[in-house]
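Heads up: the structure comes next, in structure tokens.
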Amino acid sequence: MQLIDNYQRRFKYLRLSITEVCNFQCQYCLPNGYAIPKDGAQRHFLTLNEIEQIIACFADLGITKIRLTGGEPTLRRDFLDILSLIYADSRIKVRALTTNGFRLLNHVADWQRAGLTAINISVDSLSSDTFKLITGQDRLREILAGIDKALTAGLQTVKVNTVLLKGVNNHLTDYLQWIKYRPIELRFIELMETGMTGDLFNRLHISGQCLEQQLLAEGWQRQAKDEVAGAASVYAHSDYQGKIGLIMPYSKDFCQTCNRLRISATGKIHFCLFGENGIDLRDLLQSPTQRDALKSRILSGLTTKPEHHLLQQHQTGLANTLSYLGG
Ligand code: SAM
Ligand code: SF4
């Protein structure tokens, strides 16, 4: 049994959201911070047992890379236990995390010992003031120190995510200086429209093509991709230890190479970040005896995966904020 959709795309990469809660207030994601949903209902996020069932089932289905995301995944008290569960399944070769980095400095060594192999840290500006304006947090210095610590912690990859914001961070000079002697892949992600941030999108969205042209003009060269690589086109230059990645979801054919599935923190599988509905898996996550039924539900859901998103037509689907599914 393999995860292949109607368009012959093969899936080896699972993004698993383990919480919707976050302590930052990024303007494009949670501008007012995390709030308990309006209906007041307590949100119950995936338990360790449910996460264990997900790992085993998806490993059976050929998944070799799992990324923990959120919300802010490192806010979970059992975060190390979750990492250890993934590490315990030798079929999962890449164990990755996307984080805002606020716990990095003090904890990255523990995470690496618990099996983490790859980390993406979100840093939207190298200026403390701008960073604070975007995220609501005055923590740039400690996060940058945490990144330097991560570089020496024995991880296989350290990447930085920067959401490209017009007039805010679309000039490369500081970033290029920063990655000159650091083996970091710095990925610029085009701002994506969500239900919550339509107006901000209109003001701040800029295509990654402007950076691409600049990079090519300055001698950067596009690299080939491997099978479980992310969505970025990656550029390298012999004068720099770091690399630059561009993630351009609005570019033509972006979805053709889609290789990831997503599970929300409440146990729904989503076949597109900007799709309408997830399929609830939770009732089948309670025991290993449900594994076959779980696989059947996932495989039949996969036949509904759309060929591409409709972001160009401003159809953002369910994505009110990416903190729900983890980007
Ligand atoms: N809290 C963690 C973090 O910020 O890294 C993980 C969750 S966050 C939702 C995952 C990634 O999605 C981050 O790199 C963030 O910058 C990105 N993101 C959130 N909203 C976005 C948007 N509207 N457009 C593009 N990227 C977005
Ligand atoms: Fe939190 Fe990440 Fe969203 Fe920022 S991008 S508000 S850190 S979930």
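In each ligand, atom 1 is the first atom listed, and ligand 1 is the first ligand listed.
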Just do the side chain to side chain contact (heavy atoms under 4.5 Å, CB included) check on F102 and Q137 with the steps written out, would you? CA-CA 10 Å; F102 90 107; Q137 297 284 331; over 6 Å; no
Counting only protein N/O/S, how many atoms fall short of 2.8 Å from atom 1 (Fe) of ligand 2? 1
Could you check whether any heavy atom of E190 sits closer than 4.0 Å to an atom of ligand 1, since that is the contact criterion I want to use? yes
Tell me which one of [options] satisfies side chain to side chain contact (heavy atoms under 4.5 Å, CB included) with [X].
X	options	value
I92	I63, L85, T64	I63
F58	L3, L16, I66	L3
I121	N161, V158, N100, V108	V158

For the ring pair F201 and Y28, is the centre-to-centre distance below 6.0 Å?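 That pair fails the under 6.0 Å test.
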In the protein, what heavy atom is nearest to [atom], and what distance, to one decimal place, separates them?
atom	value
atom 10 (C) of ligand 1	G326 O, 3.5 Å
atom 12 (O) of ligand 1	G327 CA, 4.1 Å
atom 9 (C) of ligand 1	L322 O, 3.5 Å
atom 8 (S) of ligand 1	G70 O, 4.3 Å

A quick test of your reading: do over 12 heavy atoms of other residues, nucleotides or ligands sit less than 6.0 Å from CD of Q286?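 Above 12, so yes.
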Give a yes or no on whether a salt bridge exists between [X] and [Y], defined as a side-chain N under 4.0 angstrom from a carboxylate O.
X	Y	answer
R10	D5	no
D110	R113	yes
D283	R297	yes
D239	K180	no

Taking both backbone and side-chain atoms of [X], is any N or O found less than 3.5 Å from an N or O belonging to ligand 1?
X	value
N161	yes
E72	yes
Y28	yes
T99	yes
M192	yes

Going by the closest heavy atom to atom 6 (C) of ligand 1, which one wins out of C29, G71, S122? G71
Check: of T69, V163, I119, I134, min heavy-atom distance to atom 26 (N) of ligand 1 comes from V163
Go through ligand 1 atom by atom and flag the ones less than 4.0 Å from a non-hydrogen atom of L191.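 Checking each atom against L191, I get 23 (N), 24 (N).
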Enumerated ligand 1 atoms positioned under 4.0 Å from heavy atoms of N100: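 Taking each heavy atom of N100 in turn, ligand 1 has 2 (C), 3 (C), 5 (O) under 4.0 Å.
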I need the single residue from E218, E212, E185 that forms a side chain to side chain donor-acceptor pair (under 3.5 Å) with Y235. Which is it?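 The single option meeting the side chain to side chain donor-acceptor pair (under 3.5 Å) with Y235 is E212.
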Under the side chain to side chain contact (heavy atoms under 4.5 Å, CB included) rule, what do R187 and N120 come out as? Steps first, then yes or no, please. CA-CA 9 Å; R187 297 133 43 96; N120 288 15; 3.5 Å; yes
Is I263 linked to M1 within one hydrophobic cluster, defined over Ile, Leu, Val, Met, Phe, Trp and Tyr using a side-chain heavy-atom separation of less than 4.5 Å?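 Hydrophobic grouping puts I263 with M1.
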Once you restrict to heavy atoms under 4.0 Å, what part of N120 touches ligand 1? Side chain, backbone, both or neither. neither
